[in-house]
Novice: 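Just passing along the structure, written as structure tokens.
Computation of the quantities below employed the complete heavy-atom set of this structure, encompassing side-chain atoms and omitting hydrogens, waters and symmetry-equivalent molecules.
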Amino acid sequence: MYETIVALPLLGSILAGIIALLGARNRLPGEDPPPHGDRAASPVAEHRPRGAPSPHEQHAAFANTHVEEPADEPPAAGSRPAELITTTFLVIACLLSWYAFYDVGVAGHEARVRLFSFITFADLHSDWALRIDPLTAVMLAVVTTVSSLVHLYSIGYMEEDPYKPRFFSYLSFFTFAMLMLVTADNLVQLFFGWEGVGLASYLLIGFWYHKPEANAAAIKAFIVNRVGDFGFSLGIFAVFALTGAVDFDTIFAQAPSLAGKVYHFLSWDVDALTLVCVLLFIGAMGKSAQFLLHTWLPDAMEGPTPVSALIHAATMVTAGVFMVARLSPLFSLSPGASAFVIFIGATTCMFAATVGLVQNDIKRIIAYSTCSQLGYMFVAMGFGAYSVGMFHLFTHAFFKALLFLCSGSVIIAMHHEQDIRHMGGLWRKLPFTYATMLIGTLALTGFPFTAGYFSKDAIIESALVSTNPMAAYGFVMTLGAAALTAFYSWRLIFKTFHGAPHDRAHYEAAHETPLTVLVPLALFAIGSIAAGYPALAVFTGHGTDEFFRGSLQLGIADTLFEGAEKVPLLLSILPTLMMIVGFLVAWLFYIRRPDLPEELARQQHVLYQFLLNKWYFDEIYDYLLVRPTLWLGRLLWKGGDGFIIDGFGPDGVSARVLDVTRNVVRLQTGYLYHYAFAMLIGVAAAVTWFMFYGAHG
């Protein structure tokens, strides 16, 4: 059964890929879609500022060519079989995963399925095996549920895209890579899935490869993740150096003996376990878009909206959280590394929430919300409440996927408009989308009895009883982020669905999207409510140890749960109070006094620009890293390769040899009298030499 869960997305990806290749071969030369980014007739076209040239016009202006807007292109042949095959396979995998969730988590039937020997070299032995324990079962249910509904949603959302078979192939491969990651039995296999989701994200973010912005976003995501993955690789190497193994069972068995070991590097003595955990967490910082390595995630919105939902809710960004949870036996033994995790997670919470306050792109607001919520998960991991962090991952998957898919429904209805300043009053035109997005917003902000309420409050309460030195910092940052989250979430709702329409033409033409789009919204809305309380005992109650049975480190978490029950009432309701404050301020700014935001932006212009430009991280990185790298590359190219290597090589010594031989060749004229004259000169020279030097000798 477990092999089937993993294999079905891969099989679907291969079949859809074959269909895409056959469709490409059947397309005549010159029939490829024109390079103008998102197609005018496609519901996937994204927003660009009014009056700005289209990507096609920009490309044509750059190439100094004439622009002719092409005719609409029909979907590629085989689109329907590709989407039906991949979606059906994912639905089957989803049903099997929920059965596995019951069988493994409740019935206790854990398994290790060895498929084949992967790497055997010297002391390195790595099998390709599936590790099926309660932690894996949770991730299987989350990944396949979100992915199957995103596949279904994509059938309607990508209806008019001519490259649907390729899109569904990439989407299923993304799911397969994530399943390989969560079922990994060792670090090498986990790294395979880790890089697989990175590759899939590159392909999907840059899916509209004719669009320059999409290409740039895909490259940015790939490069930033390479920085994190370098640290992750060093962490894996260090684990192997310390334990001589890469499989989890051996590593966890040796974990207690690693405490107190020291690495001597140059003149420094570094705690080995802390160093290992920090290096591994750097990988999570890149994959899960944490502070300093977060810059790729907002730009990833250039991909289709279903891709954004899958990346943010169930696959790539949750990989880092899962990795820390899987390696909890290591992190729980390193207070220093745990403090670092809390610091980065809490800082990300507040940073992303502040940036989300002033963003105007509907998808970017939700993207920064994802950054912030991932910070919550890592804060819980740093406290040692690993099951609480997984609880928030579980609930977040439902309401974040819901918010992204609702934003896609709005984008379709508004003729591909994404700027919330050009919306307004849409609740009348999109009542179902409005209702479901309202549910997702309530869950995100932690409204009582929604899924987010139970998981987010559990994280904040855990900070109150944690003994980690960074606990106070984590509590303040997460509590403040709760108020900011409520503000920007309700700002999005008010500016999109309430008030007077700002674009009357688009407003009048707006209508609800097809059933293939609305059905996933309904199911995710149900999950955004129902995934909370029923799972509370499993993730945060006294039954947590019985459910996870050693797949998570729970010694510290048990203490946290007992302490959380003794938290004073006022402190326990602080998150809800902050949520109410955020809502009231948003209502005042965007319903009661809509002139206040503009007035405040004028009064606090510097702060407003600072937040609008995302703390200027892109500009700082461009100045400190990108430009020096380009300068160094240009220096090595022009000075090293061009001047030295080419100058003294092909353009230097080699060129001079060619010049000499070219001149020597000119002596070979083919005339007999030239050769006779040369012989006479030679004889005369020889006789002269013998006359002066031969006689003297």
Side-chain angles (χ1 to χ4, degrees), residues 1-9 92-118 125-145 175-176 178-194 243 245-256 314 318-319 321-332 381 385-391 393-394 397 534-558:
M1 177 179 69
Y2 306 115
E3 303 95 316
T4 304
I5 295 174
V6 176
L8 281 175
I92 296 173
C94 175
L95 296 175
L96 292 176
S97 295
W98 279 104
Y99 175 76
F101 181 84
Y102 171 81
D103 189 51
V104 176
V106 179
H109 298 152
E110 299 183 25
R112 181 183 183 274
V113 183
R114 183 182 182 276
L115 302 179
F116 53 85
S117 179
F118 185 35
H125 301 283
S126 174
D127 288 336
W128 198 275
L130 305 180
R131 184 185 185 93
I132 310 298
D133 57 16
L135 179 60
T136 301
V138 171
M139 292 302 298
L140 287 177
V142 169
V143 172
T144 56
T145 299
T175 307
F176 162 73
M178 188 64 186
L179 293 179
M180 288 306 308
L181 190 156
V182 301
T183 58
D185 188 52
N186 56 73
L187 287 172
V188 176
Q189 188 180 339
L190 186 147
F191 191 72
F192 170 84
W194 192 271
T243 64
V246 292
D247 64 284
F248 294 135
D249 288 337
T250 304
I251 293 171
F252 297 159
Q254 296 189 35
T318 61
V321 180
F322 168 79
M323 184 270 289
V324 174
R326 173 61 78 197
L327 298 177
S328 57
L330 296 180
F331 281 87
S332 62
M381 299 289 175
Y386 300 100
S387 64
V388 175
M390 289 301 300
F391 186 28
L393 184 153
F394 181 76
L536 186 64
V538 171
F539 288 98
T540 67
H542 293 290
T544 303
D545 194 11
E546 181 182 350
F547 177 82
F548 283 102
R549 293 187 305 277
S551 61
L552 278 177
Q553 191 73 19
L554 295 176
I556 300 176
D558 288 339

Novice: Where do Val388 and Thr540 come nearest, in terms of heavy atoms and distance?
Specialist: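 Reported closest heavy-atom pair: CG2-CG2, 3.9 Å.
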Novice: So which heavy atom on Pro9 is nearest to which on Ile5, and how close?
Specialist: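 Result for this residue pair: CD-O, 3.1 Å.
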Novice: May I ask you to decide if Ser332's main-chain N or O and Gln553's side chain share a donor-acceptor pair within less than 3.5 Å?
Specialist: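 No; judged by distance alone, with no hydrogens or angles, the pair does not exist.
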Novice: Are the side chains of Phe391 and Leu536 in touch, meaning some heavy atoms are under 4.5 Å apart?
Specialist: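 A side-chain contact exists here, since the closest heavy-atom pair is under 4.5 Å.
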Novice: List the atom of Ala100, the atom of Ala137, and the distance in Å for their closest heavy-atom pair.
Specialist: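 Smallest heavy-atom distance, with atoms named: O-CB, 4.1 Å.
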Novice: So do the side chains of Phe322 and Val142 get within less than 4.5 Å of each other, counting heavy atoms only?
Specialist: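 No, side chains not in contact.
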Novice: List the atom of Gly193, the atom of Met180, and the distance in Å for their closest heavy-atom pair.
Specialist: CA-CB, 4.4 Å
Novice: Is the count of non-hydrogen atoms from other residues, nucleotides or ligands lying under 6.0 Å from Glu546 atom CD greater than 12?
Specialist: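 Open: at most 12 neighbouring heavy atoms sit under 6.0 Å from CD of Glu546.
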Novice: Nearest 0.5 angstrom please: Arg131 CZ to Asn186 CG, how far?
Specialist: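 Output value for this atom pair is 10.0 Å.
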Novice: About how many Å separate CD of Glu110 and OG1 of Thr136, when rounded to the nearest 0.5 Å?
Specialist: 9.0 Å
Novice: Where do Ser328 and Ala325 come nearest, in terms of heavy atoms and distance?
Specialist: OG-O, 2.9 Å
Novice: Decide yes or no for Leu140 and Thr183: does some side-chain heavy atom of the first lie under 4.5 Å from some side-chain heavy atom of the second?
Specialist: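 Touching, per the 4.5 Å side-chain cut-off.
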Novice: Do the charged groups of Arg112 and Asp127 touch, with an N to O distance under 4.0 Å?
Specialist: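 Result for this pair is yes, salt bridge flagged.
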Novice: Looking at Phe118, I'd like to know if its CZ atom is crowded, meaning that more than 12 non-hydrogen atoms belonging to other residues, nucleotides or ligands lie closer than 6.0 Å.
Specialist: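 Yes, enclosed.
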Novice: Evaluate the ring pair (Phe, Tyr, Trp, His ring centres under 6.0 Å) criterion for residues Trp194 and Phe191: first the C-alpha distance (whole Å), next the side-chain angles of each, then the deciding distance (0.1 Å), finally the verdict.
Specialist: CA-CA 5 Å; Trp194 192 271; Phe191 191 72; 7.7 Å; no
Novice: Output yes when Arg326 and Asp133 qualify as a salt bridge under the 4.0 Å nitrogen-oxygen rule, no when they do not.
Specialist: yes
Novice: If you look at every heavy atom in Ala93 and Leu8, which pair is closest and at what distance?
Specialist: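 Result for this residue pair: N-CD1, 4.0 Å.
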Novice: Classify the ring geometry between Phe176 and Phe192 as parallel (under 30°), tilted (30 to 60°) or perpendicular (over 60°).
Specialist: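 Perpendicular, since the angle between the ring planes exceeds 60°.
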Novice: What is the distance from atom CG of Leu130 to atom CG of Leu179, rounded to the nearest 0.5 Å?
Specialist: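 It comes to 10.0 Å.
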Novice: Identify whether the distance between the nearest side-chain nitrogen and carboxylate oxygen of Asp185 and Arg114 falls below 4.0 Å.
Specialist: no
Novice: Which of these, Leu327, Leu552, Leu135, sits in a side chain to side chain contact (heavy atoms under 4.5 Å, CB included) with Tyr386?
Specialist: Leu552
Novice: Does Phe252 have any ring-ring contact (aromatic ring centres under 6.0 Å, His included) partners at least two apart in sequence or in another chain, and if so, which?
Specialist: Phe248
